[in-house]
Number of protein chains: 2
Amino acid sequence: MDDALAFSALVLALSGQLVQEIHTSVSQQGFQDLRPAHGFAFARISAGGATTADLAEHLGVTKQAAAQLVEELVRKGYVERHPHPHDARARLLGLTETGWAATRAADQAARAAVAPWREVLGEARFSELVADLTLLAPPGPIRPAW
Amino acid sequence: MDDALAFSALVLALSGQLVQEIHTSVSQQGFQDLRPAHGFAFARISAGGATTADLAEHLGVTKQAAAQLVEELVRKGYVERHPHPHDARARLLGLTETGWAATRAADQAARAAVAPWREVLGEARFSELVADLTLLAPPGPIRPAW
DNA sequence: ATAACTCGTCAATCCGCTTGTCTATTTGGA
DNA sequence: TCCAAATAGACAAGCGGATTGACGAGTTAT
């Protein structure tokens, strides 16, 4: 009956733990100047073709906030600004090698965080879980939400 | 193979959407002065026996931050402070009738957000999903995570 | 050509949270 | 029993990440 409420709590608990574990692991791998929110920026930038305005929309924040974030990531050496081929106003964002390294670290951390869960459920059941969640997942960007 | 990465993204996407939908719905039900983070406070306060310090620990923030949050919720009429029966320093927190109303609104919103998912998967599959997630869910408080 | 729009920036401000300090009270060990 | 240490909560200052607002430079549409 009240699966629904339980389900909400579970999803929230799980995502909280996931974010926490990934962040901790990425920190331990030497990227101590990155916080969870940065991951969402990396996700968009690594996809390519992003300008600051694109990033702002992806993150659901103002251009100014995105610009500040980009400035920080540039200063820390994770992101580069390139001239935009067709628009003299805009600048294309790209990850530096360090940025890619951080991305790989985060991916690995995510896999590590999920691994024990996979084991608890067993391979088959885990696959079903992923399949089910895929049906439910909204399209569009993944944003920090609160 | 890379179910793991997909799974992470799915959980994050789902929880983001969940938080967003609940917040929107609660707002529309007339509680426009509440934000997602408040829900986590309500969860602890409604359980009973909470002091500001307890709340701080539950939320994973400093006592001062919790005190500010409580002050805000008291001012807005959602929370009351009562004298603590055994400790003259402490004050017991409790929800006002308005606070309970907001809690019910959030619960209802959560159910409404989950309902379509339940429908997509079907009753049986949904139950399995909840069961699986229950196995994975960490114990302890649910906190805002980024 | 020009009006409307968009990219990125500068500036001011807001808000939630932190660190640091303090008093009142409780607790626990000599 | 007494006193030192720990705890609840309040006050104050400051920070970081976000907002709103205004602007020049460049682009697009009429």
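Numbered from 1 within each chain, the chains take letters A, B, ... in sequence-line order.
A:Leu92 places its CG atom 12 Å from the P atom of C:dC7, with the value rounded to the nearest Å. Between the C1' atom of C:dT18 and the CG atom of B:Leu69 lies a distance of 15 Å, rounded to the nearest Å. What separates CD of B:Gln68 from C1' of D:dC15 is a distance of 13 Å, to the nearest Å. Distance, A:His82 NE2 to C:dG8 P: 14 Å, rounded to whole Å. Note: CG (A:Asp54) to P (C:dG8) measures 8 Å, nearest angstrom. Look at CD on A:Glu71: it is 8 Å from P on C:dT9, rounded to the nearest Å. For the pair B:Leu34 CG and C:dC15 P, the interatomic distance rounds to 16 Å; values are reported in whole Å. Atom-to-atom, NE2 of B:His86 to C1' of D:dT7 comes out at 17 Å; the value is rounded to the nearest Å.
Using a 30° and 60° split on the angle between ring planes, B:Trp117 and A:Phe7 fall in the perpendicular class, above 60°.
Set against D:dG9, D:dG17, D:dA6, the side chain of B:Ala53 has D:dG9 as its closest nucleotide. With distances taken from any side-chain atom of A:Arg89 to the nucleotides C:dT9, D:dA6, D:dA25, the minimum falls on D:dA25. Distance from the side chain of A:Ala67 is smallest to C:dT9 among D:dA8, C:dT9, C:dT18. Checking D:dG9, D:dA18, C:dT9 against the side-chain heavy atoms of B:Thr51 singles out D:dG9 as nearest. Distance from the side chain of A:Arg35 is smallest for D:dG17 among the nucleotides D:dG9, C:dT18, D:dG17. Each of C:dT25, D:dG9, C:dT9 was ranked by its minimum atom distance to the side chain of B:Thr52; first place goes to D:dG9.
Remark: side-chain polar atoms of B:Arg44 are paired, donor with acceptor, to backbone N or O of B:Gly48 under 3.5 angstrom.
A:Thr62 comes within 4.0 angstrom of a nucleotide base, judged by non-hydrogen atoms across all strands. As judged by a 4.0 angstrom heavy-atom cut-off over every strand, B:Ala88 is placed among residues touching the sugar-phosphate backbone only.
A salt bridge does not link B:Arg91 with B:Glu80: every distance from a Lys NZ or Arg NE/NH1/NH2 to an Asp or Glu carboxylate oxygen is 4.0 Å or more. Under 4.0 Å is where a charged nitrogen must lie from a carboxylate oxygen, and between B:Glu97 and B:Arg104 at least one such pair does. Electrostatic pairing of B:Glu71 and B:Lys76 does not count as a salt bridge here, judged by no charged N lying under 4.0 Å from a carboxylate O.
Toward the 5' end of DNA chain C, the nearer of the two residues B:Gln64 and B:Glu72, judged by each one's closest nucleotide, is B:Glu72. Projected onto DNA chain D by closest heavy-atom contact, A:Ala65 and B:Lys63 fall at different nucleotides, the more 5' of which corresponds to B:Lys63.
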